[in-house]
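Have a look at the structure below before the remarks.
Residue numbers start from 1 in every chain, and the chains themselves are labelled A, B, ... in the order their sequence lines are given, proteins ahead of strands.
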Amino acid sequence: MDRPLAEGIRSRLLAWFDAGHRDMPWRRTKDPYRILLAEYLLQRTRVASGTPYYERFVERFPDLASLAAASEEDVLRAWEGLGYYRRARYVHAAAKAIVREHGGRIPSDAATLATLPGIGPYTAGAVASIAFGEAVPAVDGNVTRVVSRLFRVEADVTTAAGRASIQELAAGLVPTARPGAFNQALMELGANVCTPRRPACPACPLAGLCMAHGAGVQSALPRTPPSRRPTAVPVSFAYIRSRGKVLLVRRPESQILGGLWSLPGGEVPSDRRARASLRDLVAAQTCLRVDVAEDVGRVAHVFSHRRWTGRVYRCVPRGTGRLPSTARWVAAEEVLHLPVVPDHRKLLAELGFRRPLESFDAPRRRRA
DNA sequence: AACACGGGGCA
DNA sequence: TGCCCAGTGTT
């Protein structure tokens with residue numbers, strides 16, 4: 001790293017950052033717990049999306065001890081709707097590990113932070129630099145973009161070699177003084193100025209030092225491989241009620257929407273035979289056989305050809321045709337306190353599930 | 001190296 | 001509709 005160049009980047013970027021930046025709740029605190037929590041929340045998540053969750057989360061779990069002592073269900077409930085639900089279990093597990101193995105004190109160096117669940121190179125660097133002042137880089141999508149343009153990195157940044165280049169260049173920039181502010185400034189620049197498309201180079205404090213801008217190739221960087229076509233897959237759920245309750249299943253943690261409660265189903269029927277077996281699966285349950293088995297076709301509200309995230313995911317082996325052991329009949333008031341797949345919560349609300357169970361069972365067909 | 005994992009914003 | 005985003009862990 002050319003030292004005068006690095007110095008120029010630091011001074012200009014920090015001056016720009018100090019002159020004004022977005023106000024974020026986790027920037028107003030020095031509490032490592034809140035900074036750590038914010039970093040978990042913001043993994044692959046826009047600031048605007050994560051902020052309300054951050055506010056609710058710190059109100060619900062104001063310190064590390066309260067989070068560590070909470071039930072996983074409560075933590076997931078606070079995360080409901082944000083996505084990437086694995087993060088909720090990771091931050092919960094991390095809080096427990098910090099209490100158990102670090103005396104309740106959040107580790108202050110990136111290397112130790114990286115041993116905690118859900119903390120990788122980015123989050124370790126962000127927390128170490130922002131909360132504890134360690135001079136380490138925090139390379140996220142923004143920093144990757146900014147650095148690749150600043151130094152005109154032509155390599156594919158998704159490969160190991162490309163990532164290493166970016167990481168090394170970023171490490172050479174981080175100042176000993178105010179490393180956290182510098183890392184945030186880099187991210188801020190990437191979010192507001194050095195944007196993915198049509199970067200605002202005339203407004204950029206680093207334009208004069210930027211190799212991509214000098215060559216006019218900034219919009220072509222960073223280089224990434226062509227994306228693969230997403231494929232829509234059919235997904236079915238069963239809406240089954242009995243005696244004023246609805247059947248919910250806690251989804252396996254390793255699968256999509258893992259750990260949340262959903263309507264039974266959610267597998268990917270690959271053909272007609274697979275689709276029929278969902279009905280078999282429903283009918284196999286004893287309680288269903290008693291109450292609704294003969295009416296499964298009538299009471300089951302099956303959604304097919306539902307598009308999830310636009311990506312293909314694995315078909316789940318159908319197993320023995322029994323419902324998961326977590327299957328549970330749940331009353332309306334209890335649903336409100338469970339971490340339920342957000343789409344299903346909306347659906348249940350639309351079907352009147354928030355109202356007394358009698359009206360829930362009443363005829364409600366009405367065409368406009 | 002490739003994949004899985006959510007949801008929302010934007011052109 | 002396609003791409004991107006304050007990434008990480010598994011296979």
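The side chain of A:Thr224 has C:dC4 as its nearest neighbour among C:dC4, C:dG7, B:dG8. Checking C:dG9, C:dT8, B:dG6 against the side-chain heavy atoms of A:Tyr90 singles out C:dG9 as nearest.
The nearest heavy atom of DNA chain B to A:Arg198 and to A:Ala161 marks one nucleotide each, and the one closer to the 5' end goes with A:Ala161. Map A:Thr158 and A:Arg197 each onto its nearest nucleotide of DNA chain B; the residue landing nearer the 5' end is A:Thr158. With DNA chain C read from its 5' end, the first of the two nearest nucleotides for A:Pro121 and A:Pro196 is the one closest to A:Pro196. Toward the 5′ end of DNA chain C lies the nearest nucleotide of A:Trp26, the other residue of the pair A:Trp26 and A:Gly118 mapping further downstream.
With hydrogens and angles ignored, a donor-acceptor pair under 3.5 angstrom links the side chain of A:Thr45 to the base of B:dG6. Within 3.5 Å, no donor on the side chain of A:Tyr122 pairs with an acceptor on the base of C:dG7, nor the reverse.
For the atom pair OG (A:Ser219) and CZ (A:Arg149), the distance works out to 6.0 Å, reported to the nearest 0.5 Å.
For A:Arg89 and C:dT10, the CZ to P distance is 12 Å, given to the nearest whole Å. Atoms CD (A:Glu188) and P (C:dA6) sit 10 Å apart, rounded to a whole Å. B:dG6 atom P lies 10 Å from atom CG of A:Leu82, rounded to whole Å. Atom-to-atom, OH of A:Tyr85 to C1' of B:dG6 comes out at 6 Å; the value is rounded to the nearest Å. For the pair A:Gln43 CD and B:dG7 P, the interatomic distance rounds to 16 Å; values are reported in whole Å. In this entry the distance linking CZ of A:Arg86 with C1' of B:dA4 reads 7 Å, nearest Å. For the pair A:Arg44 CZ and C:dC3 P, the computed distance is 14 Å after rounding to whole Å. Following rounding to the nearest Å, A:Arg87 (CZ) and C:dG7 (P) show an atom-to-atom distance of 9 Å.
With both ends at atom C1', the span from B:dC3 to C:dA6 equals 22 Å, rounded to whole Å. For the P atoms, the distance linking B:dG8 with C:dT8 amounts to 22 Å, nearest Å.
Across all strands, A:Arg27 comes closer than 4.0 Å to base atoms (heavy-atom distances). Counting any heavy atom pair closer than 4.0 Å across all strands shown, A:Ile119 reaches sugar-phosphate atoms only and no base atom. The residue A:Gly190 sits apart from the nucleic acid: no heavy atom pair falls under 4.0 Å. In this structure, A:Ala160 reaches the sugar-phosphate backbone alone: every heavy-atom distance under 4.0 Å involves primed, P, OP1 or OP2 atoms, never a base.
Within 6.0 Å of the CZ atom in A:Arg28, the count of heavy atoms belonging to other residues, nucleotides or ligands exceeds 12.
Residue A:Leu169 is grouped with residue A:Leu206 when hydrophobic side chains (ILVMFWY) are merged at heavy-atom distances under 4.5 angstrom, including chains of intermediate members. Tracing side-chain contacts under 4.5 Å through hydrophobic residues (I, L, V, M, F, W, Y), one reaches A:Tyr122 starting from A:Val157; they form part of the same cluster.
Aromatic pair A:Trp79/A:Tyr53: centroids not less than 6.0 angstrom apart.
For C:dG7, the OP1/OP2 oxygens have no side-chain nitrogen or oxygen of A:Arg163 closer than 4.0 Å. In terms of phosphate contacts, A:Thr123 brings a side-chain nitrogen or oxygen within less than 4.0 Å of OP1 or OP2 of C:dT8.
For the residue pair A:Arg27 and A:Gln184, a side-chain donor N or O sits within less than 3.5 Å of a side-chain acceptor on the partner.
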